Amino acid sequence: MKDVNGIQWYTDVRDIKNVKQLLNESCELYADRPAFWIKKFKGDEYHPITYDMLKHDVEAIGTKMLDMGLSGKRIAVMGQGCYEWFVTYLAVMNGVGVVVPVDKELEADAVENILKTSESSTIFYTSSESKKIDKISGLDIKVKMEFYGDRISADEPFVYQEEEGQICWRQMLKEGYELVENGAADYMQREIDDDAMSVLLFTSGTTGIPKGVMLSHANIAANVMQISWMEEIKPDDLTLSVLPIHHTYESTGTLLFLFRGASIAYSEGLKHISKNMLEVHNTFFIAVPLLLETVYKRIWKQAKKQGKDKILRKAIAANNKARSIGINIGKVLFKSIQSQLGGRLRMVVSGASAISPEIVRGFDDLGIRIVTGYGLTETAPMIVAVPSFSDKHYKKAGSVGICVKTGEIKINDPDESGIGEVWYRGPNVMLGYYNMPELTAETIQDGWFKTGDLGFMDNEGWLYLTGRKKNVIVTKTGENVYPEEIEEIIRENPYISDCMVYPLSRNNEEIVAVQVLPDEEEIKESFGEMMAEDELYKFIKDIISEINGTLPNYKMMRDVTVRKDDFVRTTTKKIKRQDNM
């Protein structure tokens with residue numbers, strides 16, 4: 001590591017200009033190592049896909065795309081996280097055209113709107129999305145990708161079955177290999193324009209005109225290097241992919257692992273995460289706070305059920321005392337817990353939304369380190385992270401970290417508490433919003449990207465987020481209330497699964513209100529049965545009243561709603577505030 005501005009960045013990071021260079025170099029450096037782990041069918045064991053095989057698969061699909069006349073086209077890709085999805089993603093951006101990742105959770109009309117806005121007449125999709133695709137008009141080419149691969153070696157026969165009106169991905173791959181074997185080399189010889197739009201990703205706007213983020217190879221390559229300078233990833237590392245694959249948090253994370261010669265295994269779904277972790281023994285886990293909070297609660301719930309919670313607390317206290325003098329016996333003390341998570345897990349990356357400091361410290365107490373990060377689709381995505389080489393992560397658990405090496409953070413127009421809008425400048429800032437020059441000019445000023453998030457920085461340059469600018473509640477006395485700050489306190493209660501603090505108009509003024517989602521499982525376990533509706537409301541209201549007693553008067557919640565159903569959420573499990581009011 002090298003000391004730069006007082007920070008010990010990792011130095012074994014190659015310089016890359018684009019994703020094609022990233023892939024070609026990694027496939028040369030790590031040719032025989034596994035790049036991906038896939039299942040041939042449900043219930044099968046994981047099989048490796050080597051870097052060499054990955055490179056040839058990408059080239060075959062890319063070559064066939066050119067043969068189909070797709071050069072320079074916008075090509076959409078949608079579906080479950082799988083090897084075929086990512087090969088398609090790489091093939092398009094590394095020599096065919098512009099890839100348009102689409103959220104599989106969108107309804108058919110919203111997908112159709114994005115396809116029209118992006119001018120995409122070709123879509124690659126996994127089998128799970130077939131019914132949705134059948135409802136969409138205006139598509140010239142539809143390519144169905146199988147979720148479970150039927151081939152683990154270039155020598156094995158291809159198995160495919162085409163249906164009317166669609167092309168099979170496996171057949172495309174077969175024909176692509178045949179074209180390459182017969183001398184087709186145009187795809188491999190194509191040069192990349194590092195600064196041109198290569199990814200068009202829509203972050204919002206399912207009706208009207210969607211907001212599309214334009215990212216270049218240079219944006220993505222810069223962010224891969226930025227994260228590599230901060231986080232230690234080795235060739236023998238393996239991550240289990242569980243997040244929506246269309247999101248930059250997941251796609252850039254996958255490229256990061258490929259850049260470092262590590263490997264990726266795709267989970268079979270949220271219900272199968274625990275089983276898949278035991279199968280692949282992953283060392284890394286990229287997750288969102290809600291998932292980590294669920295896992296953490298489950299660990300303590302199981303310990304309590306087995307009557308081992310007091311023993312666990314004593315073990316944590318003993319290990320923390322030993323760690324204070326440089327001795328860590330966590331792997332021995334918490335072996336049974338760590339074995340439930342695959343036995344090799346050494347680091348968890350949490351992003352997409354804020355995570356409770358108690359969860360960060362709680363996992364660390366159990367010998368599993370969580371590094372937090374912060375970013376946006378518009379920045380490809382990471383702009384701030386807790387470095388894996390830092391020893392301050394425990395003390396600064398409420399912080400999202402420090403700025404990436406080649407970027408700058410500033411707090412614009414801070415108030416008396418030092419809180420202001422977070423602005424960022426760096427090589428990973430997007431090209432702009434697609435066909436929205438006015439919004440682009442409004443969002444990017446002199447190279448500074450206005451994140452819309454509020455926060456402050458401590459004297460060591462660590463960033464703390466306080467909430468979204470648009471979510472701030474301004475009381476009649478002019479006080480600012482940051483909903484996320486109060487929500488963090490509420491979520492600490494074991495009987496509350498999740499919550500949303502928001503403004504509510506009453507008697508011509510805005511009051512602070514809250515919607516609460518009870519943790520029914522915890523309530524049943526503690527009280528023997530689920531409470532009646534009126535009893536549950538009083539129980540939750542009493543909890544909120546108790547929390548109100550710890551808050552200043554202007555922050556107190558004056559209205560309480562107890563939800564029967566979960567909140568409407570994004571694919572990264574963040575609450576959609578406007579959709580829940």
Side-chain angles (χ1 to χ4, degrees), residues 101 103 197-205 210-216 218-227 230 243-256 286-289 349-355 371-386 399-412 420-434 436 439-457 463-472 484 569-578:
D103 183 355
M197 175 176 67
S198 59
V199 178
L200 178 55
L201 180 56
F202 292 85
T203 63
S204 61
K211 186 171 70 173
V213 173
M214 300 185 290
L215 296 175
S216 68
N219 293 150
I220 297 168
N223 203 230
V224 167
M225 289 189 292
Q226 287 170 329
I227 304 170
M230 301 183 83
L243 299 180
I245 195 168
H246 77 283
H247 202 283
T248 49
Y249 182 31
E250 181 66 21
S251 58
T252 300
T254 299
L255 289 170
L256 172 66
I286 301 175
V288 294
V349 180
S350 175
S353 60
I355 186 170
V371 296
T372 55
Y374 161 62
L376 305 97
T377 301
E378 289 90 338
T379 53
M382 196 72 76
I383 60 176
V384 170
V386 174
S399 171
V400 288
I402 61 174
C403 184
V404 293
K405 180 180 173 183
T406 53
E408 298 176 76
I409 289 281
K410 75 173 181 179
I411 304 299
N412 186 63
E421 185 177 7
V422 179
W423 285 18
Y424 172 79
R425 182 164 63 185
N428 49 321
V429 172
M430 66 173 178
L431 302 174
Y433 293 112
Y434 184 63
M436 293 182 173
L439 181 59
T440 300
E442 182 184 320
T443 308
I444 303 176
Q445 182 178 316
D446 297 324
W448 288 100
F449 172 69
K450 304 174 185 179
T451 67
D453 287 310
L454 298 171
F456 65 91
M457 295 177 76
L463 178 67
Y464 293 76
L465 297 177
T466 57
R468 288 290 290 172
K469 187 177 180 180
K470 64 182 180 181
N471 295 340
V472 175
E484 294 87 348
R569 299 179 185 271
T570 67
T571 49
T572 52
K573 303 305 177 185
K574 288 188 286 189
I575 293 173
K576 288 186 175 181
R577 291 182 182 271
Q578 293 303 318

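Only a predicted model underlies this, so the values are computations on that prediction, with no experimental measurement involved. Residue numbers start at 1 and run along the sequence shown.
- Without hydrogens or angle criteria, N428 side chain to P381 main chain gives no donor-acceptor distance under 3.5 Å.
- In this structure, the side chain of T252 does not engage the main chain of Y249 through any donor-acceptor pair within 3.5 Å.
- With sequence neighbours left out, the salt bridge (Lys or Arg N to Asp or Glu O under 4.0 Å) criterion links R577 to E484, E487.
- Crowding of K410 atom NZ: a count of heavy atoms from other residues, nucleotides or ligands under 6.0 Å exceeding 12.
- Ring-plane geometry between F456 and Y464 is classed as parallel, the angle between the planes falling under 30 degrees on a 0 to 90 degree scale with a further cut at 60.
- Looking at Q226, its side chain never comes within 3.5 Å of a backbone N or O of V404 through a donor-acceptor pair.
- A donor-acceptor contact shorter than 3.5 Å links the side chain of T440 to the backbone of Y433.
- Formation of a donor-acceptor pair under 3.5 Å by the N223 side chain with backbone atoms of M382 is found in this model.
- Using modelled atom types, one side-chain atom of K450 and one backbone atom of E442 make a donor-acceptor pair closer than 3.5 Å.
- Here CG of L256 is found 11.5 Å from OG of S251. Values are rounded to the nearest 0.5 Å.
- For T379 (side chain) and G375 (main-chain N/O), no donor-acceptor pair under 3.5 Å exists by modelled atom type.
- Checked by atom type and distance alone, the side chain of T372 pairs as donor or acceptor with a backbone atom of S399 at under 3.5 Å.
- Judged by distance alone, with hydrogens and angles left aside, the side-chain atoms of T451 form no donor-acceptor pair with the main-chain N or O of W423 at under 3.5 Å.
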